[in-house]
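Computed from a predicted structure; not experimentally measured. Read the numbers this way: they start at 1 and go in the same order the structure lists the ligands and their atoms.
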Amino acid sequence: MAKNIQAIRGMHDVLPEQSARWQFVEQHIRDVLSAYGYQEIRLPIVEKTELFKRSIGEVTDIVEKEMYTFDDRNGESLTLRPEGTAGCVRACLEHGLLHNQTHRLWYFGQMFRYERPQKGRYRQFVQLGVETYGMADADIDAELILLSHRLWQRLGISDTLELQLNSLGTTAERVVYRELLVEYFTANVEQLDEDSQRRLLSNPLRILDTKNPDMQVLVEAAPKLMDSLGADSLAHFQQLTETLTALDISYKLNTRLVRGLDYYSKTVFEWVTTELGAQGTVCAGGRYDGLIEQLGGKPNHAVGFAMGMERILALLENRQDLANIQTVDAYMILVGDAAQKAGVVLAEKLRDSVPGFRLQMHCGSGSFKSQFKKADKSGAQYALILAEDEVVNETIGVKFLRTDDEQRTVSIAQLIELLDS
Ligand code: ATP
Ligand code: MG
């Protein structure tokens with residue numbers, strides 16, 4: 001026998017028994033985003049490699065070692081998107097959406113990174129991306145946080161998540177800070193691990209992000225970016241924290257939160273949980289005013305975040321009530337030739353008459369007993385039973401699969417009334 005072909009390492013199927021959970025989360029995402037007036041944008045999965053190099057930056061984990069890059073048949077270098085922000089800005093520039101306008105956008109889809117697969121870290125994963133353009137003040141930064149917080153509440157996971165906040169100031173402020181930091185780490189260079197020594201020249205802020213336990217003391221004592229911020233950046237940060245406080249959203253100032261990318265400015269934030277081990281960040285974002293110009297547009301304002309769906313789903317894993325989300329309301333059992341013919345007509349009539357009614361038909365023949373087993377397994381509330389008598393009398397048997405109510409035979413009109421109630 002031929003050997004089965006398996007999925008690629010780190011790339012997963014979502015099986016039918018899990019897809020109801022995904023849809024549950026996706027529905028809440030759509031509801032919450034529309035409650036704040038956000039519009040969906042759909043973007044290609046493949047972009048020119050150059051786009052990611054220019055936006056994410058050459059000295060980042062993503063560009064250095066995580067991208068799925070290949071040559072197209074005509075020799076052009078293309079990349080499976082590792083994140084959505086670059087493509088979103090590219091699309092907005094290409095279609096002139098950033099000229100004297102504001103936008104609130106979202107997208108949902110697969111991202112690809114060549115990482116070491118483990119729980120909460122995959123090579124194909126799904127992100128919700130939310131991006132806003134054209135708004136300078138911290139009210140929009142706050143709105144993004146409020147919106148994500150509302151989503152956690154809807155999903156019942158707000159207790160497990162902590163909001164961490166920092167401000168990265170402006171590029172000019174970071175230049176000053178960068179010098180202080182390089183000075184500090186250079187004076188302690190013997191305590192830096194290999195990765196950090198490399199970053200000392202290329203991306204020293206990223207050293208603050210290190211997960212190496214041996215470097216924690218050193219990093220804790222490093223100069224703080226907050227202390228290098230000017231009045232405007234501080235006021236922006238204060239506007240944000242005041243709004244959060246007024247709305248009772250607690251946060252923790254994390255001066256080591258740097259997000260690694262050069263284009264960030266002012267606000268950065270992460271929603272973090274302790275329930276998922278090392279992969280604790282479920283949602284991360286911030287202001288990236290520098291990126292639009294970096295990609296060739298006029299300077300403009302941008303704030304956004306990306307949320308990892310698999311990590312959200314992992315947080316919901318223990319929710320028993322989501323284990324068996326019902327996907328059908330009724331299952332129709334058909335006994336005999338006449339019932340098979342009449343059943344399909346009746347089923348269409350029921351779907352016409354009862355909005356939202358979800359009915360699964362028995363297809364093919366089978367004994368009453370085997371059909372009944374399938375009805376039970378389908379998760380339906382009712383089995384609708386059609387045999388010769390019912391066809392002749394234009395009635396139908398209703399058996400309640402999840403309650404003790406007695407089986408009854410009703411007219412079609414009565415059935416519609418029952419289902420509609
Ligand atoms: P990490 O520090 O966990 O590698 P990151 O900084 O690379 O995260 P972002 O690029 O900010 O992550 O992506 C936003 C979110 O997308 C993350 O907070 C996480 O929830 C999710 N995410 C990122 N990479 C992966 C992955 N390989 N598998 C699953 N989810 C991921
Ligand atoms: Mg990463």
Side-chain angles (χ1 to χ4, degrees), residues 7-14 18 22 25 29 45 51-52 55-57 59-68 79-89 106-131 144-145 148 151-152 155 157 160-166 168 195 199 203 205-212 254 256-264 267-288 291 302-317:
I8 295 167
R9 199 162 111 82
M11 303 198 181
H12 293 281
D13 305 301
V14 174
Q18 300 151 342
W22 279 76
V25 179
I29 287 173
I45 286 178
L51 175 69
F52 300 114
S55 61
I56 300 170
V59 271
T60 53
D61 281 354
I62 292 181
V63 172
E64 276 181 344
K65 48 191 185 201
E66 295 176 0
M67 294 207 302
Y68 279 91
T79 294
L80 299 185
R81 62 182 182 193
E83 52 96 49
T85 303
C88 191
V89 171
W106 65 275
Y107 50 83
F108 187 85
Q110 279 74 15
M111 305 295 158
F112 301 84
R113 295 185 194 177
Y114 192 81
E115 304 204 63
R116 194 168 67 78
Q118 51 197 292
K119 193 169 166 56
R121 191 174 295 288
Y122 309 103
R123 291 183 173 174
Q124 174 180 308
F125 59 99
V126 176
Q127 274 184 350
L128 163 72
V130 180
E131 319 281 2
L144 286 173
I145 291 172
S148 49
L151 182 62
W152 314 143
L155 298 176
I157 54 176
T160 65
L161 291 170
E162 178 186 75
L163 173 63
Q164 301 195 352
L165 269 191
N166 194 17
L168 298 185
D195 246 6
R199 292 200 159 123
N203 198 349
L205 265 66
R206 197 76 216 238
I207 300 176
L208 298 174
D209 219 14
T210 179
K211 304 211 162 69
N212 183 346
N254 176 357
R256 290 173 50 181
L257 190 65
V258 292
R259 306 276 322 122
L261 304 184
D262 288 344
Y263 58 61
Y264 275 108
T267 313
V268 285
F269 67 91
E270 288 191 358
W271 287 98
V272 183
T273 176
T274 52
E275 291 190 10
L276 300 177
Q279 275 59 253
T281 303
V282 302
C283 175
R287 182 168 277 277
Y288 55 97
L291 180 62
V303 203
F305 68 75
M307 184 190 104
M309 279 291 282
E310 285 80 0
R311 295 185 192 177
I312 298 291
L313 268 288
L315 281 180
L316 291 170
E317 213 160 74

So if I count the atoms of ligand 1 from 1 in the order they appear, which ones are less than 4.0 Å from some heavy atom of Ala306?
14 (C), 15 (C)
Checking a contact table here: which protein heavy atom is nearest atom 8 (O) of ligand 1, and how many Å away?
Arg311 NH1, 4.6 Å
Taking atom 12 (O) of ligand 1 as the reference point, the nearest protein heavy atom with its distance:
Arg113 NH1, 3.7 Å
Do Glu83 and Arg113 have side-chain heavy atoms sitting under 4.5 Å apart?
yes
Using heavy-atom distances, let me know which of Gly308, Ala314, Gly120 sits nearest atom 21 (C) of ligand 1.
Gly308
Does the pair Thr160 and Glu275 meet the rule for a side-chain hydrogen bond (donor to acceptor under 3.5 Å, both in side chains), with working shown?
CA-CA 7 Å; Thr160 65; Glu275 291 190 10; 4.9 Å; no
Side chain to side chain contact (heavy atoms under 4.5 Å, CB included) partner of Tyr264, the single match among Leu291, Leu168, Asn166
Leu168
Protein contact to atom 27 (N) of ligand 1 [nearest heavy atom, distance to 0.1 Å]:
Glu115 OE2, 2.7 Å
Which atoms from ligand 1 have a heavy atom of Val282 less than 4.0 Å away?
18 (O), 20 (O)
Any chance you could measure Arg199, atom CZ, to Thr60, atom OG1, to the nearest 0.5 Å?
9.0 Å
Shortest protein heavy-atom distance from atom 6 (O) of ligand 1, along with the residue and atom involved
Arg259 NH1, 3.7 Å
Please work out whether any backbone atom (N, CA, C, O) or any side-chain heavy atom from C-beta onward of Thr281 is under 4.0 Å from ligand 1, and answer side chain, backbone, both or neither.
both
Quick one: does Glu83 get within less than 4.0 Å of ligand 1, heavy atoms only?
no
Out of Gln127, Gln279, Arg121, the nearest non-hydrogen contact to atom 1 (P) of ligand 1 is supplied by Arg121
For atom 10 (O) of ligand 1, state whether the nearest protein heavy atom is under 4.0 Å away.
yes
For Arg116 and Arg121, what are the C-alpha separation, side-chain angles and deciding distance, and is it a side chain to side chain contact (heavy atoms under 4.5 Å, CB included)?
CA-CA 7 Å; Arg116 194 168 67 78; Arg121 191 174 295 288; 5.8 Å; no
With the side chain counted from C-beta on, respond yes when Val25 and Met309 share a heavy-atom pair under 4.5 Å apart, and no when they do not.
yes
Tested for side-chain hydrogen bond (donor to acceptor under 3.5 Å, both in side chains) against Arg206, the lone hit among Asp209, Thr210, Asn203 is Asp209
protein heavy-atom neighbour closest to atom 30 (N) of ligand 1 works out as Phe125 CD1, 3.5 Å
Please assess Asn212 against Asp195 for the test side chain to side chain contact (heavy atoms under 4.5 Å, CB included), listing each intermediate value before the final yes or no.
CA-CA 10 Å; Asn212 183 346; Asp195 246 6; over 6 Å; no
Main chain of Gly120, side chain of Arg311: is a donor-acceptor contact present, judged purely on distance under 3.5 Å?
yes
What protein heavy atom is closest to atom 28 (N) of ligand 1, reported as residue, atom name and distance in Å?
Tyr122 N, 2.9 Å
